[in-house]
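Taking it in order: structure first as structure tokens, then the write-up.
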There are 2 protein chains.
Amino acid sequence: MTDRSPATGKPIRTAISDDDGIDFAIIELFFFAYRDFTSDPDQILADYGFGRAHHRVLHFVNRRPGLTVAELLDVLKITKQSLARVLKQLIDTDHIVQVQGPRDRRQRELYPTAKGRALALALARPQSRRIRAALEDSGTTERASIERFLEAMVNPELRAQINIVPAQTSGKKNGDH
Amino acid sequence: MTDRSPATGKPIRTAISDDDGIDFAIIELFFFAYRDFTSDPDQILADYGFGRAHHRVLHFVNRRPGLTVAELLDVLKITKQSLARVLKQLIDTDHIVQVQGPRDRRQRELYPTAKGRALALALARPQSRRIRAALEDSGTTERASIERFLEAMVNPELRAQINIVPAQTSGKKNGDH
DNA sequence: GGATTACGTCAGTACTGTTGACGTAATTTC
DNA sequence: GAAATTACGTCAACAGTACTGACGTAATCC
């Protein structure tokens with residue numbers, strides 16, 4: 001408080017750039033890409049009164065049917081309370097059903113219904129279309145580079161989560177079987 | 001309400017997968033990658049009592065010093081009110097200063113202060129480090145592929161925004177001048 | 001039988017986003 | 001020069017998603 005007027009820093013008029021040793025190009029591209037990537041499903045979700053949180057839950061329940069609430073919390077990295085409301089709505093609207101765990105009856109296994117499966121597909125469709133368009137002129141090598149890059153962006157400890165995709169019929173790359 | 005019990009869809013036990021014609025592999029990778037990409041700065045921001053919105057404003061004011069409020073709203077794709085709170089805090093904490101527009105005195109040009117520049121760099125540093133690590137074994141070709149992919153993921157109408165990066169000294173690729 | 005685990009839920013709070021309306025100063029238009 | 005428009009700031013009200021902490025219940029583990 002000793003310096004009120006002088007404390008007001010002078011405006012810096014030069015742009016921050018990659019010259020500062022920071023990869024602003026990709027940082028910014030990543031921001032724009034993700035913003036538009038999520039905008040497609042957001043519009044569909046609005047019709048259902050759902051938000052992005054519902055999408056994520058629906059996605060992972062479809063990807064890993066039978067996962068428990070605890071496992072879902074771990075994948076999403078959110079708290080129980082944050083999940084509760086969203087999950088309840090998805091169950092009430094018959095997109096997801098809970099089944100008592102077979103071995104441990106305390107657990108609730110989560111499964112999509114036909115309705116939930118359909119919505120998950122509808123939400124993923126425009127995203128997939130966008131990806132296909134972005135990869136239009138790319139070959140297998142480029143696709144592999146992009147997959148490797150995205151995977152490398154994930155925290156190493158959490159990379160295990162990615163590969164828990166059960167039983168791929170058309171087994172591409174999969175460190176399973 | 002005519003069908004309460006039968007309405008409860010049966011659980012689908014098979015996982016949704018790329019077989020459904022949807023590129024779930026990349027959809028999911030993109031989710032995980034972005035989640036962790038933003039987690040680094042989030043931790044730093046918490047120390048300042050700031051959130052992700054502050055980060056975005058700070059980033060773009062540093063990248064395009066002198067942009068007006070209207071331009072910033074256009075880049076962020078949020079409403080005036082959403083920006084107001086966040087911008088006010090950044091100004092009050094002396095990270096950003098407003099300068100009356102030279103030609104049009106209604107406009108407020110936004111500039112970072114030294115403090116704001118330093119914070120922007122501090123926030124970008126871990127993100128850049130993560131990117132560098134992810135590109136570790138990649139050559140120039142791969143990097144170019146990834147940049148092209150990310151750019152192609154952005155809505156075409158909005159791609160113009162990306163290239164408004166003023167005066168790069170080390171001019172890499174830039175469709176300007 | 002007691003501790004732990006898995007889950008559900010209640011209460012309170014914070015951040016980021018929305019729409020709509022109003023005020024003010026500056027610029028543009030006629 | 002008066003009127004319309006523009007750029008911005010602000011007030012009010014509300015929604016979605018996230019958080020922490022605490023408590024209860026049923027099931028399992030030891």
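Lettering follows sequence order; numbering is per chain, from 1. Computed from heavy atoms alone, side chains included, the values below leave out hydrogens, waters and symmetry copies.
- In this structure, A:Arg130 contributes its side chain and B:Met153 its backbone to a donor-acceptor pair below 3.5 Å.
- Atom CG of B:Asp42 and atom P of C:dA14 are 18 Å apart (whole Å).
- Checked options A:Arg159, A:Arg63, A:Arg56; the residue passing with B:Glu28 is A:Arg63 (criterion: salt bridge (charged side-chain N to carboxylate O under 4.0 Å, His left out)).
- For D:dT28, the OP1/OP2 oxygens have a side-chain nitrogen or oxygen of A:Arg105 closer than 4.0 Å.
- Between A:Arg85 atom CZ and C:dG12 atom P the separation is 14 Å, expressed in whole Å.
- In this structure, B:Ser82 reaches the C:dT18 phosphate: one of its side-chain N or O atoms is under 4.0 Å from OP1 or OP2.
- Judged purely by atom type and a 3.5 angstrom limit, A:Asp74 has no side-chain atom pairing as donor or acceptor with the backbone of A:Ala70.
- The residue B:Arg52 sits close only to the backbone: its heavy atoms come under 4.0 Å of sugar-phosphate atoms, none of a base.
- A:Ile12 belongs to no hydrophobic cluster, as no Ile, Leu, Val, Met, Phe, Trp or Tyr side chain comes under 4.5 Å of its own.
- In summary, the aromatic rings of A:Phe37 and B:Phe149 are positioned with their centroids too far apart to meet the 6.0 Å limit.
- Following rounding to the nearest Å, B:Leu58 (CG) and C:dT16 (P) show an atom-to-atom distance of 13 Å.
- B:Arg103 contributes no side-chain N or O that forms a donor-acceptor pair with the base of C:dA26 under 3.5 Å.
- Following rounding to the nearest Å, A:Tyr48 (OH) and D:dA15 (C1') show an atom-to-atom distance of 21 Å.
- The CD-P distance, from B:Gln89 to C:dG17, rounds to 12 Å in whole Å.
- Side-chain heavy atoms closer than 4.5 Å link hydrophobic residues (I, L, V, M, F, W, Y) into clusters, and following such links, even through other members, never connects A:Leu73 to A:Val99.
- The separation between B:His54 atom NE2 and C:dG17 atom P is 10 Å, rounded to whole Å.
- The line from OG1 of B:Thr113 to CG of B:Asp94 is 4.5 Å long, rounded to the nearest 0.5 Å.
- Of the candidates C:dT18, D:dT17, C:dG17, the closest approach to any side-chain atom of B:Ala53 belongs to C:dG17.
- As a whole-Å value, the separation of A:Arg35 CZ from C:dT16 C1' is 16 Å.
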Please list, for nucleotides 7-10 of chain D, all pairs of protein and nucleotide N/O atoms separated by less than 3.5 Å.
unit_1	atom_1	unit_2	atom_2	d
D:dC8	OP1	B:Val69	N	3.4
D:dC8	OP1	B:Arg108	N	3.4
D:dC8	OP2	B:Ala70	N	3.0
D:dC8	N4	B:Lys80	NZ	3.4
D:dG9	OP1	B:Gln98	NE2	2.6
D:dG9	N7	B:Lys80	NZ	3.4
D:dG9	O6	B:Lys80	NZ	2.8

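- OP1 or OP2 of D:dC19 lies within a sub-4.0 Å distance of a side-chain N or O belonging to A:Thr79.
- Look at CG on A:Leu73: it is 11 Å from P on D:dA18, rounded to the nearest Å.
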